[in-house]
Trainee: 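Before I ask anything, let me first share the structure, which is written out below as structure tokens.
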Amino acid sequence: MVQAANSDTISKQWVDEAWERTILKVKRTSARIGANFPHASQGGRYGLEQPQWWTAGFWPGMLWLLQEGNPGFRELAEQCELKLDEVLDGYDHLDHDLGFIWTLTSIFNYKLNGGETSRRRAFKAASHLAGRFNVKGNYIRAWNPWREGDNNAGLAIIDCAMNLPLLYFASRESGDPRYAHIAEAHMSTVLAHFIRPDGSVRHIVRFDPQSGEVAEYIGGQGHAPESAWSRGTAWALYGTALAAKHTGRQDYIDAAKRVAHFFLSQLPEDAVPAWDFRAPSETKTLRDSSAGACAACGLLLISELVPAEESDSYKQAGERIIESLYRNYGAFDDEQEEGLILHGTSHYPERKNVDVPLIYGDYFFVEGLARLRGDSVIPWE
């Protein structure tokens with residue numbers, strides 16, 4: 001079992017080592033990936049998706065995290081952002097994941113470098129996201145009817161908790177509270193219908209889009225409607241912590257802590273979660289490293305939001321997960337593998353991208369390192 005470091009000095013040593021090894025590896029992989037949009041690694045090579053795919057922000061976001069002293073990373077991140085204009089202006093492929101994409105590209109660029117073009121892109125994305133809000137059910141609608149016969153006007157998913165920082169940014173920058181009102185209304189729905197009293201989390205809730213009443217709970221990427229998909233738990237943990245950061249609301253902090261306590265109570269010895277905490281025993285050995293990385297970032301943020309006497313326990317928990325990912329799941333010396341972190345699980349029920357590196361797992365791992373280093377610019381905040 002990987003123990004948390006016993007002192008700040010020891011901690012800094014492994015964090016700095018991991019940071020430098022990450023930079024070296026991304027320099028190698030960026031030579032092939034370039035200004036494109038990787039998603040999952042198969043056979044050691046990241047498959048590239050179209051720019052409208054929900055994970056399009058994670059590669060440029062990771063490049064922005066690592067850009068100091070590495071101008072080539074900045075150039076690639078800016079090229080990715082430019083490529084995304086076709087999606088943003090085309091509109092037809094946009095869904096609830098605008099926050100994942102433009103928070104990690106345009107907002108990140110704007111926070112680091114300023115520039116009206118990136119700021120304008122973020123506002124445009126925020127307006128599109130706000131337009132998906134259902135006023136009867138107080139939720140941001142998930143997905144679009146991509147296939148004939150789809151009827152998903154009533155669907156909301158826990159993932160969208162991570163898209164809300166885009167709306168908070170738009171309110172703060174514009175002085176218009178309407179974006180934040182939508183974010184808080186959606187988060188109230190998360191607290192009421194997604195997060196259970198024990199801190200476990202549902203993936204999908206279907207509402208009646210006309211009345212706003214709950215129609216059913218759906219398992220989605222988890223094992224079952226009432227199971228506990230670990231990445232969904234991580235989305236809720238980090239998403240509520242970010243909402244607390246933006247608003248200072250105590251009910252959001254309390255929700256983030258409740259989810260965090262459930263998440264931590266379910267971890268195995270190496271602190272990296274199974275793909276679903278309530279999966280059948282025969283599949284519980286299948287991990288999702290991306291869930292661990294995302295949750296660790298949330299835990300590190302919670303440590304900044306709670307009173308001093310509570311802070312260390314959350315920080316140590318987040319650090320323990322990141323350190324385990326580095327030492328036990330890292331592929332830093334494997335030149336045949338483009339991913340940084342092994343053993344991610346994208347969609348087990350559909351058997352898609354199971355037990356492989358995932359670009360969002362890599363991103364959150366690097367963000368976790370950035371938080372442990374004390375980096376001051378985090379895109380979601």
Side-chain angles (χ1 to χ4, degrees), residues 18-19 21-88 93-94 97-113 118 121-122 125 159 162-163 165-166 231 289-290 293-294 297 325 330-332 334-335 337-342 344 346 352-353 356-370 375 377-380:
W19 188 258
R21 294 177 79 189
T22 295
I23 290 172
L24 288 174
K25 178 141 193 171
V26 173
K27 283 181 177 178
R28 294 199 305 268
T29 59
S30 63
R32 185 193 74 83
I33 295 172
N36 289 296
F37 305 100
H39 175 58
S41 175
Q42 295 286 352
R45 188 179 176 96
Y46 262 119
L48 305 179
E49 296 289 347
Q50 294 299 307
Q52 65 263 24
W53 191 240
W54 75 274
T55 57
F58 288 103
W59 171 248
M62 187 164 68
L63 294 172
W64 280 125
L65 286 169
L66 299 167
Q67 60 89 34
E68 186 174 357
N70 300 291
F73 292 173
R74 172 176 175 162
E75 292 171 8
L76 290 177
E78 289 176 334
Q79 291 170 29
C80 286
E81 184 182 358
L82 183 61
K83 283 186 175 182
L84 289 165
D85 281 350
E86 182 179 356
V87 182
L88 188 60
H93 292 290
L94 299 176
D97 281 324
L98 290 120
F100 274 126
I101 299 173
W102 279 276
T103 300
L104 297 180
T105 54
S106 296
I107 291 179
F108 212 165
N109 190 355
Y110 177 69
K111 284 188 168 188
L112 288 168
N113 305 302
S118 290
R121 286 168 174 144
D159 317 40
M162 290 296 298
N163 289 310
L166 175 63
R231 192 162 69 252
S289 55
S290 73
C294 177
C297 293
L325 290 170
F332 299 94
D334 185 355
E335 295 190 8
E337 173 57 68
E338 291 185 336
L340 298 176
I341 302 298
L342 304 172
S346 175
K352 289 182 178 177
N353 298 315
V356 297
L358 300 165
I359 193 61
Y360 40 97
D362 287 358
Y363 168 83
F364 284 113
F365 169 77
V366 178
E367 186 187 306
L369 291 178
D375 288 12
V377 180
I378 299 295
W380 318 96

Trainee: Restricting to non-hydrogen atoms, name the atom on K111 and the atom on V377 that form the minimum distance, rounded to 0.1 Å.
Mentor: CB-CG1, 3.9 Å

Trainee: I need the N109 CG to E78 CD distance, nearest 0.5 Å.
Mentor: 5.5 Å

Trainee: Mind checking the CG-CD spacing from N70 to E75? Nearest 0.5 Å is all I need.
Mentor: 11.0 Å

Trainee: Does atom CD (Q42) have a neighbourhood of more than 12 heavy atoms from anything else shown, all under 6.0 Å?
Mentor: yes

Trainee: Is there a side-chain contact between L84 and F37 in this structure, where contact means two heavy atoms from C-beta onward sitting under 4.5 Å apart?
Mentor: yes

Trainee: Taking the side chain as C-beta and beyond, is there a heavy-atom pair between L82 and R121 under 4.5 Å?
Mentor: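 L82 reaches R121 side chain to side chain.
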
Trainee: Could you state the interatomic distance from CG (L88) to NE2 (H93), rounded to the nearest 0.5 Å?
Mentor: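 The CG atom of L88 sits 13.0 Å away from the NE2 atom of H93.
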
Trainee: Measure the CZ-SG distance between F365 and C294 for me, rounded to the nearest 0.5 Å.
Mentor: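 That separation rounds to 14.5 Å.
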
Trainee: Answer yes or no: is there a side-chain heavy-atom contact under 4.5 Å between S290 and F364?
Mentor: no

Trainee: For the CG atom of L76 and the CD1 atom of I33, what is their distance to the nearest 0.5 Å?
Mentor: 9.5 Å

Trainee: With a 4.5 Å limit on heavy-atom distance, are the side chains of F108 and T103 in contact?
Mentor: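 Sidechains of T103 and F108: no contact.
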
Trainee: Can you give me the closest heavy-atom contact between A370 and L65, atom names plus distance?
Mentor: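 Here A370 and L65 meet closest at CB-CD2, 4.2 Å.
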
Trainee: Please check if the side chain of K83 supplies one atom and the backbone of A35 the other of a donor-acceptor pair under 3.5 Å.
Mentor: yes

Trainee: Dump the intermediate steps for side-chain contact (heavy atoms from CB on, under 4.5 Å) on N163 and F100, then the final yes or no.
Mentor: CA-CA 6 Å; N163 289 310; F100 274 126; 3.6 Å; yes

Trainee: Which atom pair, heavy atoms only, marks the closest approach of A56 to P51?
Mentor: CB-O, 3.3 Å

Trainee: Taking W380 as the fixed residue, which of L104, I107, L166 is the one that meets the side chain to side chain contact (heavy atoms under 4.5 Å, CB included) rule?
Mentor: L104

Trainee: Using the side-chain contact (heavy atoms from CB on, under 4.5 Å) rule, take T22 and M62 through it: C-alpha gap first, then chi angles, then the decisive distance, then the call.
Mentor: CA-CA 10 Å; T22 295; M62 187 164 68; 5.6 Å; no

Trainee: Tell me yes or no: between the side chains of E81 and S118, is some donor less than 3.5 Å from an acceptor?
Mentor: yes

Trainee: So do the side chains of P379 and W64 get within less than 4.5 Å of each other, counting heavy atoms only?
Mentor: no

Trainee: Over all heavy atoms of both residues, which pair between C80 and W59 is shortest? Give the atoms and the distance, please.
Mentor: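 Reported closest heavy-atom pair: SG-CD1, 4.1 Å.
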
Trainee: E337: which residues meet the side-chain contact (heavy atoms from CB on, under 4.5 Å) condition with it, sequence neighbours left out?
Mentor: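 For E337 the side-chain contact (heavy atoms from CB on, under 4.5 Å) partners, ignoring immediate neighbours, are K25, S41, A331, D334, L342, P357.
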
Trainee: Write down the atom of A77, the atom of P60, and the distance for their closest heavy-atom approach.
Mentor: CB-O, 3.9 Å

Trainee: After noting the C-alpha distance and the side-chain angles of F58 and I101, does the key distance pass the side-chain contact (heavy atoms from CB on, under 4.5 Å) rule?
Mentor: CA-CA 7 Å; F58 288 103; I101 299 173; over 6 Å; no

Trainee: When you compare the side chain of F73 with that of S30, does any pair of heavy atoms fall below 4.5 Å?
Mentor: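 Yes, their side chains come closer than 4.5 Å.
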
Trainee: Would you say V366 and W19 make side-chain contact, with heavy atoms under 4.5 Å?
Mentor: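 Side chain of V366 against side chain of W19, heavy atoms only: contact under 4.5 Å found.
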
Trainee: Of all the heavy-atom pairs spanning I359 and P38, show the shortest one and how long it is.
Mentor: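 I359 and P38 have their closest heavy atoms at CG2-O, 3.2 Å.
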
Trainee: Please verify the inter-ring angle class for Y360 with H39; under 30° counts as parallel, over 60° as perpendicular, anything in between as tilted.
Mentor: tilted

Trainee: Carefully, step by step, assess R32 and E338 under the rule side-chain contact (heavy atoms from CB on, under 4.5 Å).
Mentor: CA-CA 10 Å; R32 185 193 74 83; E338 291 185 336; 2.6 Å; yes

Trainee: Do you see a donor-acceptor pair shorter than 3.5 Å between the side chains of N113 and R74?
Mentor: yes

Trainee: Does a side-chain heavy-atom distance below 4.5 Å link D362 with Y46?
Mentor: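 The answer is yes, as the side chains (C-beta and beyond) meet within the 4.5 Å cut-off.
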
Trainee: Is it the case that over 12 heavy atoms from other parts of the model lie below 6.0 angstrom from the CZ atom of R21?
Mentor: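 Counting other residues, nucleotides and ligands, CZ of R21 exceeds 12 neighbours.
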
Trainee: Within the distance-only criterion (no hydrogens, no angle test), does the side chain of R231 pair as donor or acceptor with the backbone N or O of D159 below 3.5 angstrom?
Mentor: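 The answer is no, because no donor-acceptor pair under 3.5 Å joins these two groups.
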
Trainee: Atom OG1 of T105 and atom OH of Y110: how far apart are they, to the nearest 0.5 Å?
Mentor: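 Nearest 0.5 Å value for the OG1-OH distance: 15.0 Å.
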
